[in-house]
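Here the structure is laid out as structure tokens; the discussion comes afterwards.
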Amino acid sequence: MRFGVLVSGGGTNLQAIMDAMDAGKITNATLEVVISNKKDAYALERAKNKNIEAVAVSPKDYETRDEFNKALLDTIDSYNLDLIVLAGFLVVLPAELVKKYENKIINIHPSLIPSFCGDGFYGLKVHEKALERGVKITGATVHFVDEGTDTGPIIKQKAVAVREDDTPETLQRRVMEEAEWQILPEVINELANKQ
């Protein structure tokens, strides 16, 4: 299975994927490309350090959103991917891309969907809201991407307990370590091996 990872920031989930590949926990799959909407995303450096092609397709380089969307789709198409992994990609995907790659795009979300998801729920905001509302359990979800925001079919979830002394930052870190970095590589492996 040929897959690509789309990122916007530091690439901690990307690192978890690459580490899982190195450890033999993802088989029958090759990571062909890492694409970021930000030229300075550290995730691109992580990819280059592993000799994986790293490409920036920035909206700032295009006059209109339609031009950017076309460039993003053309870039993805050029790699002949079987799977697209969104790992902290903070761009709304063009409808044409979602339709063309139906059931071939997955996303990692830092909550147990349907809680704390949808427009505006990403990064620390998810954990801030969880703590504000006093939840006792949170976690992460890997799901297929559809036309909505965090509305596609759920593939896998993992729960993480919320501690009384948690801050949004400590909770975010634990959700990444205990859930995101585990279930995202697991799902990629399962899809690569059709388990």
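As a basis for the values below, the full set of heavy atoms in this structure was taken, side chains included, without hydrogen atoms, waters or symmetry mates. All residue numbers refer to positions in the sequence shown, counting from 1.
A 4.5 Å side-chain heavy-atom check between W181 and N13 finds at least one atom pair inside the cut-off. In this structure, the side chains of L72 and D74 stay at 4.5 Å or more apart for every pair of heavy atoms. For the pair V85 and V187, the minimum side-chain heavy-atom distance is 4.5 Å or more. Looking at heavy atoms from C-beta onward, I188 lies in side-chain contact with I106 at the 4.5 angstrom threshold. Between T75 and V55, some side-chain heavy-atom pair lies under the 4.5 Å cut-off. Side-chain contact between V33 and I52 is absent, with no heavy atoms from C-beta onward closer than 4.5 Å.
With hydrogens and angles ignored, the 3.5 Å screen pairs a side-chain donor or acceptor of Q157 with a backbone N or O of I113. With hydrogens and angles disregarded, a donor-acceptor distance shorter than 3.5 Å links the side chain of S36 to the backbone of V7. Q15 places no side-chain N or O within donor-acceptor distance of the main-chain N or O of G11, the cut-off being under 3.5 Å. Between the side chain of N28 and the backbone N or O of N193 there is no donor-acceptor pair closer than 3.5 Å. Between the side chain of T138 and the backbone N or O of S111, no donor-acceptor pair lies under 3.5 Å.
Here the shortest heavy-atom pairing between A140 and I183 reads O-CD1, 3.5 Å. When all heavy atoms of L81 and Y101 are compared, the closest pair comes out as O-CE2, 3.9 Å. Between A71 and Y62, the closest heavy-atom pair is CB-OH, 3.2 Å. Nearest heavy atom pair, residue A43 against residue V34, reads O-CG1, 4.4 Å. In terms of heavy-atom proximity, A87 sits nearest to L184 at CB-CD2, 4.4 Å. Of all heavy-atom pairs between I26 and P185, the closest is CG1-O, 3.6 Å.
Counted by atom type alone, S8 and N37 present one or more donor-acceptor pairs between their side chains at under 3.5 Å.
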Side-chain donor/acceptor pairs under 3.5 Å, residues 168-179, sequence neighbours excluded:
| unit_1 | atom_1 | unit_2 | atom_2 | d |
| --- | --- | --- | --- | --- |
| E169 | OE1 | T167 | OG1 | 3.4 |
| T170 | OG1 | D166 | OD1 | 2.8 |
| T170 | OG1 | T167 | N | 2.8 |
| T170 | OG1 | T167 | O | 3.1 |
| T170 | OG1 | T167 | OG1 | 3.4 |
| R173 | NE | E177 | OE2 | 2.7 |
| R173 | NH2 | E177 | OE2 | 3.3 |
| R174 | NH1 | D166 | OD1 | 2.9 |
| R174 | NH1 | D166 | OD2 | 3.4 |
| R174 | NH2 | A161 | O | 2.8 |
| R174 | NH2 | D166 | OD2 | 2.7 |

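Placement of L83 and L6 in two distinct hydrophobic clusters is found when ILVMFWY residues are connected by side-chain heavy-atom separations under 4.5 Å, directly or transitively. Residue F144 is not grouped with residue F89 when hydrophobic side chains (ILVMFWY) are merged at heavy-atom distances under 4.5 angstrom, including chains of intermediate members. Following chains of ILVMFWY side-chain contacts shorter than 4.5 Å, one cannot reach I108 starting from L86, and the two form parts of different hydrophobic clusters. In the hydrophobic clustering of ILVMFWY residues, with side-chain heavy atoms under 4.5 Å counting as a link, V142 and L112 come out apart. Both M18 and M1 belong to a common hydrophobic cluster when Ile, Leu, Val, Met, Phe, Trp and Tyr are linked at side-chain heavy-atom distances under 4.5 angstrom.
In this structure, CD on E186 lies 12.0 Å from CG on L191, to the nearest 0.5 angstrom. To the nearest 0.5 Å, the span separating CG on L31 from OH on Y79 amounts to 11.0 Å. Taking NE2 of H143 as the start and NE2 of H109 as the end, the distance is 7.0 Å to the nearest 0.5 Å. A distance of 5.5 Å separates CG in L93 from CD1 in I105, rounded to the nearest 0.5 Å. Distance CG/L131 to CZ/R163: 12.5 Å, rounded to 0.5 Å. Taken from CD1 in I17 to CZ in F3, the straight-line distance is 5.5 Å, to the nearest 0.5 Å.
Judged as a salt bridge (Lys or Arg N to Asp or Glu O under 4.0 Å), the pairs with a partner in residues 98-118 (not counting sequence neighbours) are, in order, D77-K100.
For D22, the salt bridge (Lys or Arg N to Asp or Glu O under 4.0 Å) criterion is met by K50, not counting sequence neighbours. In terms of the salt bridge (Lys or Arg N to Asp or Glu O under 4.0 Å) criterion, residue partners of E32 (sequence neighbours excluded) are, by chain and number, R2. Qualifying side-chain hydrogen bond (donor to acceptor under 3.5 Å, both in side chains) partners for N49, counting only residues two or more places apart in sequence or in other chains: none. Shown here are the salt bridge (Lys or Arg N to Asp or Glu O under 4.0 Å) partners of K38, two or more places apart in sequence or in another chain: there are none.
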message = For a salt bridge (Lys or Arg N to Asp or Glu O under 4.0 Å) check, start with the C-alpha distance between D61 and K39, then their side-chain angles and the critical distance, and finish with the verdict.
response = CA-CA 10 Å; D61 292 337; K39 293 176 184 175; 2.9 Å; yes

request  = Start with the C-alpha gap between T12 and R46, add the side-chain angles, then the distance that decides, and say whether side chain to side chain contact (heavy atoms under 4.5 Å, CB included) holds.
outcome  = CA-CA 9 Å; T12 54; R46 290 181 193 265; 4.0 Å; yes

message = Before you tell me yes or no, could you show the steps for F116 and H127 under side chain to side chain contact (heavy atoms under 4.5 Å, CB included), namely the whole-Å CA-CA distance, both residues' side-chain angles and the distance that decides it to 0.1 Å?
response = CA-CA 8 Å; F116 309 109; H127 306 296; over 6 Å; no

task = Quick one: do V5 and I35 satisfy side chain to side chain contact (heavy atoms under 4.5 Å, CB included)? Show the steps, please.
result = CA-CA 6 Å; V5 178; I35 301 170; over 6 Å; no

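Taking the charged nitrogens against the carboxylate oxygens, E45 and K48 do have a contact shorter than 4.0 Å, which makes a salt bridge. Looking at K70 and E96, no side-chain N of the basic residue comes within less than 4.0 Å of a carboxylate O on the acidic one, giving no salt bridge.
In this structure, K129 places its NZ atom where only 12 or fewer heavy-atom neighbours from other residues, nucleotides or ligands lie under 6.0 Å away.
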